[in-house]
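See below for the structure under consideration.
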Number of protein chains: 2
Amino acid sequence: MPVEEKFEQLRTFYKQILPTLTTEGWAFTESLLSVRQVKKREFIVRQGAVCNHISFVNKGLVKMSYMTEDKEKIISFCNEGNYISDYHSFLTRKPSMLYIQALEDTELVETQYDNLQLLYKKVPEANLLGRLIAEQLFIMMSESDMTAKQETLETRYLLLIKDQPWLLQRVPQYMIASYLGITPEAFSRIKARLVKQKVAA
Amino acid sequence: MPVEEKFEQLRTFYKQILPTLTTEGWAFTESLLSVRQVKKREFIVRQGAVCNHISFVNKGLVKMSYMTEDKEKIISFCNEGNYISDYHSFLTRKPSMLYIQALEDTELVETQYDNLQLLYKKVPEANLLGRLIAEQLFIMMSESDMTAKQETLETRYLLLIKDQPWLLQRVPQYMIASYLGITPEAFSRIKARLVKQKVAA
DNA sequence: ATCTGCCATTAACCCAAATCAAGAATACAG
DNA sequence: CTGTATTCTTGATTTGGGTTAATGGCAGAT
């Protein structure tokens, strides 16, 4: 695959949130991007280190998590076509509390912090882009937040089946359980309960 | 109090996140602001309606909440010197899932959606401001998120006593309980437990 | 093919918080 | 000041998920 094609997905993404992006603007933006290949199990962000990049997933699957008392809690999964980053650490330049790790061999398109600051300086419309990205990330975060709050465990599981069925294929169940905020045992019970309900109906 | 003094607090706030804001820029920004008085118990945002404004609290106290199965769950309180808005609804122009309601007679400085779009068009540096506000809100949201996740109930209560002691004076305890994510009964017991511990120590 | 280690399920028991149910304390209107 | 309503506390009971432990399935390594 030629290098320039590696930015195709990201370009489509940008075009969606900023249709007025000029060819020159995009050309300069593209010059600041870099492609990175990470192997399964490799870390993209580690707890304790400042997150220096926003990463767009071209191909593959990653998880975002944190540790409490030696237990891993998964915050989210991120597959092709989405941004993943500890944006908090990225913005504040403070050490990350999180881990981001590849669950499959993954291809990322990365925007480095310093390059983005350069972009803001050089290309005036970049602040507009920066605003839109920040707003976009805010929207995504508050949406996942609301689903987490609104629904019961069972509803959230059913939602997951409906909205992200690929997760069930690509991710072991103990990770789904952690993502839902319960133990694998409890997750197993819920599934058994749902099967019994379906049989009864 | 003269009208222009009503923007003093907000101006201080803006100067902090954007020290380079020019006098003209501020003058134009100010021309797009409006002051609004709301009575205790009055709603600032209602579930089902699009949130058309970002509100800066000049004086008073408001709460942000949502309903699940006829139970109210409080997300946050907001007092003098802070912004309150359903920023998600504001950005996406979709109906809000939330309620924002005054707990005391409150004075707000409001930025209307249409005015803000006008500002972005007329004042180039406003996109920078918009980016910084979005980033700021993202940072605040993810920080409250992390504390909520990391800490135990008791720790969160002790944190609240330390960081927002005024809440305990101004807000009934069943609201604090809802904010902490437990029933008033459980909250009462936690307090009793802490008192007993303190006596024992 | 067998061994090994990881993952999923199931059961028994435990515990923190929810729920249900009275009271006690406080605030508030007339 | 009195009566009413709201808020807070305390107790009894229930419940959902955690913990521990045993079992079975399956995949990859040798």
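Just so it is clear: chains get the letters A, B, ... in the order the sequence lines come, proteins before strands, and each one is counted from 1.
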Exercise. Going by distance alone, is a donor N or O of one side chain under 3.5 Å from an acceptor N or O of the other, for B:Asn52 and B:Gln112?
Worked result: no

Atom pairs under 3.5 Å, N or O on each side, protein against nucleotides 18-21 of chain C: can you list them with distances?
from, atom 1, to, atom 2, distance (Å)
C:dA18, OP2, B:Thr183, N, 3.4
C:dA18, OP2, B:Thr183, OG1, 2.9
C:dT19, O4, B:Arg189, NH2, 3.0
C:dC20, N4, B:Glu185, OE2, 3.4

Exercise. Are A:Glu110 and A:Ser55 linked by a side-chain donor-acceptor pair shorter than 3.5 Å?
Worked result: yes

For this session: Give the rounded distance in Å between these two atoms: CD of A:Glu154 and P of D:dT15.
Result: 16 Å

Seminar exercise, completed: Whole-Å distance, B:Arg193 CZ to D:dT9 C1', equals 15 Å

Please enumerate all protein N or O atoms sitting under 3.5 Å from an N or O of nucleotides 6-8 of chain D, with distances to 0.1 Å.
from, atom 1, to, atom 2, distance (Å)
D:dT7, OP1, B:Tyr174, OH, 3.3
D:dC8, OP1, B:Gln173, N, 2.9
D:dC8, OP2, B:Gln173, N, 3.3
D:dC8, OP2, B:Tyr174, N, 3.1

Problem set entry | Test side-chain hydrogen bond (donor to acceptor under 3.5 Å, both in side chains) applied to B:Asp114 - qualifying residues, sequence neighbours left out | none

Exercise. So, for A:Tyr157 and A:Phe187, is the gap between ring centers shorter than 6.0 Å?
Worked result: yes

Exercise. Going 5' to 3' along nucleotides 24-30 of chain C, which nucleotides have protein heavy atoms under 4.0 Å from the base (write B), which only from the sugar-phosphate (write S), and which from neither (write -)?
Worked result: -------

Exercise. Among all residues two or more places apart in sequence or in another chain, which pass the ring-ring contact (aromatic ring centres under 6.0 Å, His included) test with A:Phe28?
Worked result: none

For this session: Applying ring pair (Phe, Tyr, Trp, His ring centres under 6.0 Å), run through B:Tyr113 and B:Phe90 and close with a yes or a no.
Result: CA-CA 7 Å; B:Tyr113 183 83; B:Phe90 182 85; 5.1 Å; yes

Problem set entry | A:Glu107 bridged to A:Lys6 by N-O distance under 4.0 Å | yes

Seminar exercise, completed: Separation of D:dT15 atom P from A:Ile190 atom CD1, nearest Å, is 17 Å

Problem set entry | cation_pi(A:Arg170, A:Phe77) dist<6.0 Å, angle<=45 | no

For this session: Identify whether the distance between the nearest side-chain nitrogen and carboxylate oxygen of B:Asp105 and B:Lys39 falls below 4.0 Å.
Result: yes

Problem set entry | Check: A:Glu72/A:Ser65 side-chain N/O donor and acceptor closer than 3.5 Å | yes

Exercise. Going by an N to O cut-off under 4.0 Å, is there a salt bridge joining A:Glu154 and A:Arg193?
Worked result: yes

Problem set entry | Check: B:Thr155/B:Thr152 side-chain N/O donor and acceptor closer than 3.5 Å | yes

Problem set entry | Check ion pair B:Arg189-B:Glu185 (N to O, under 4.0 angstrom) | no

Between the protein and nucleotides 23-28 of chain D, list every N/O to N/O distance that falls short of 3.5 Å.
none

